[in-house]
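Report on one structure; see the data block that follows.
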Amino acid sequence: MRRSLWFVLLVALLALPLAAEEPSLLYVRAGRLLDVKTGRVSTDQVIVIRGERIERVGPAADIRIPADARVINLGRATALPGLIDVHGHLTGDHRFHGYRGLSISVPRSALYGALNARKTLEAGFTSLRNVGADGYADVALRDAINDGEMAGPRLQVSGPALGITGGHCDENLLPSEYRHRSLGVADGPWAVRAKVREVIKYGADLIKFCATGGVLSKGDDVGVQQYELEEMRAIVDEAHKLGRKVAAHAHGTAGIKAAIQAGVDSIEHASLIDDEGVRLARERGTFLAIDIYNDTFILSKGAEMGMLPESLEKERQIGQLQRDNFRRAHRGGARIAFGTDGGVYPHGDNALQFAYMVQYGMTPLEAIQAATLNAAELMGWQDRVGALEPGYFADLIAVEGDPLVDVTSLERVRFVMKGGKIYRDELGAR
Ligand SMILES: [Zn+2]
């Protein structure tokens with residue numbers, strides 16, 4: 001008996017430091033809180049945060065804040081969930097397009113990737129899907145952010161994108177004597193399965209592949225299908241079997257439909273989607289991530305940033321069509337997730353796309369839902385980000401004014417919190 005008593009005491013003593021490390025409580029007072037599910041704005045709300053997660057949300061009248069509590073006061077600003085971009089390239093940089101990119105090493109790209117991650121977070125994007133990076137720099141970035149070594153959004157990363165030899169996801173700038181090909185190149189159903197296994201081995205959270213040609217690649221036609229349906233099916237089957245979602249880069253009409261039929265989770269760009277493609281996407285629940293801001297950057301600054309003349313020509317061909325087809329897809333009932341292709345344009349400018357989404361047919365609330373609820377669902381993170389509810393990560397932002405009236409207020413995010421930690425505070429909220 002006595003021995004067991006000592007044992008109980010010892011266990012209790014050992015448990016003491018654990019008890020002392022219980023996550024601290026934090027109270028955020030929000031003068032205006034936007035519920036992105038309903039579009040309702042509630043006034044005088046309190047968000048109770050324990051550690052990195054939300055414990056409770058409710059009216060200030062119902063939640064007693066202890067006198068010695070840590071309180072963040074957002075004043076009259078409008079609080080909403082942290083934004084999510086499902087298509088970015090943090091280790092890509094808008095200054096190094098075309099041949100300039102060849103002089104950038106993978107370690108160098110990881111270093112400015114760290115800078116870009118911080119810029120993106122400070123702009124209010126607390127989660128991001130990184131779809132395509134050289135040399136697994138994105139995996140390193142994700143892990144460094146998760147380990148608290150640097151500031152950045154919560155990341156899902158794809159590693160190198162799969163693509164056919166000479167396709168959009170290959171590197172076609174050098175002649176054959178350099179024997180250069182991108183890490184993600186694989187041709188044929190079994191080779192693509194092996195490639196899926198390989199990128200997962202080295203840390204990919206999702207699989208990205210190139211179904212059609214692209215704008216910023218040399219020597220391919222943006223509208224032409226690249227992978228065969230059989231290869232796409234093999235990629236999707238292997239990825240889903242291994243628990244990974246699949247994002248397909250697809251501009252061309254036929255390639256978009258083949259990718260949807262193959263069962264991908266999202267179509268990236270979707271520039272030349274037709275009514276049948278929209279219907280297929282709607283029926284299959286395939287998300288579309290249509291990047292309708294960056295056309296403005298490519299056509300105004302692309303040449304200065306090293307983009308090839310043929311890339312600018314391709315953009316002139318499809319840029320406006322893509323915007324018109326965004327309207328078509330939205331009207332046709334396809335689900336849209338907010339994806340911008342950051343890295344083509346300067347990181348941190350992600351929110352510039354909201355105004356275009358509204359110009360091309362969405363309400364401000366729908367555009368915000370694309371960047372919260374829909375993006376979270378596409379990432380499979382609908383139980384942890386994209387809403388401010390108990391159990392979710394304390395990822396929230398605040399803007400002055402009403403984003404439902406003026407969606408461009410999201411371009412001027414004044415407060416950013418991720419996991420209960422503040423990364424931007426221009427409201428004097430602390
Ligand atoms: Zn991209």
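Everything numeric here is computed off the predicted structure, so don't read it as measured data. Counting convention: from 1, in listed order, for ligands and their atoms alike. If you read the sequence from its start, that first residue is 1, and numbering goes on from there.
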Show me, pair by pair, the donor-acceptor contacts under 3.5 angstrom made by side chains of residues 377-384, not counting sequence neighbours?
residue: Glu377; atom: OE1; partner: Arg335; partner atom: NH1; Å: 3.3
residue: Glu377; atom: OE1; partner: Arg335; partner atom: NH2; Å: 3.1
residue: Glu377; atom: OE2; partner: Arg335; partner atom: NH1; Å: 2.9

Number of protein N/O/S atoms that sit closer than 2.8 Å to the Zn ion (ligand 1): 3
Sequence neighbours excluded, every pair satisfying side-chain hydrogen bond (donor to acceptor under 3.5 Å, both in side chains) that has a member inside residues 142-162: Arg142-Asp205, Arg154-Asp395
For Tyr227 against Met232, the heavy-atom pair lying closest together: O-CE, 3.1 Å
Contacts of Tyr423 that satisfy ring-ring contact (aromatic ring centres under 6.0 Å, His included) - sequence neighbours left out: none
Asp85 and Thr340: side chain donor to acceptor below 3.5 Å: yes
Aromatic ring pairing His249/His251, orientation class (parallel under 30°, perpendicular over 60°, tilted between): perpendicular
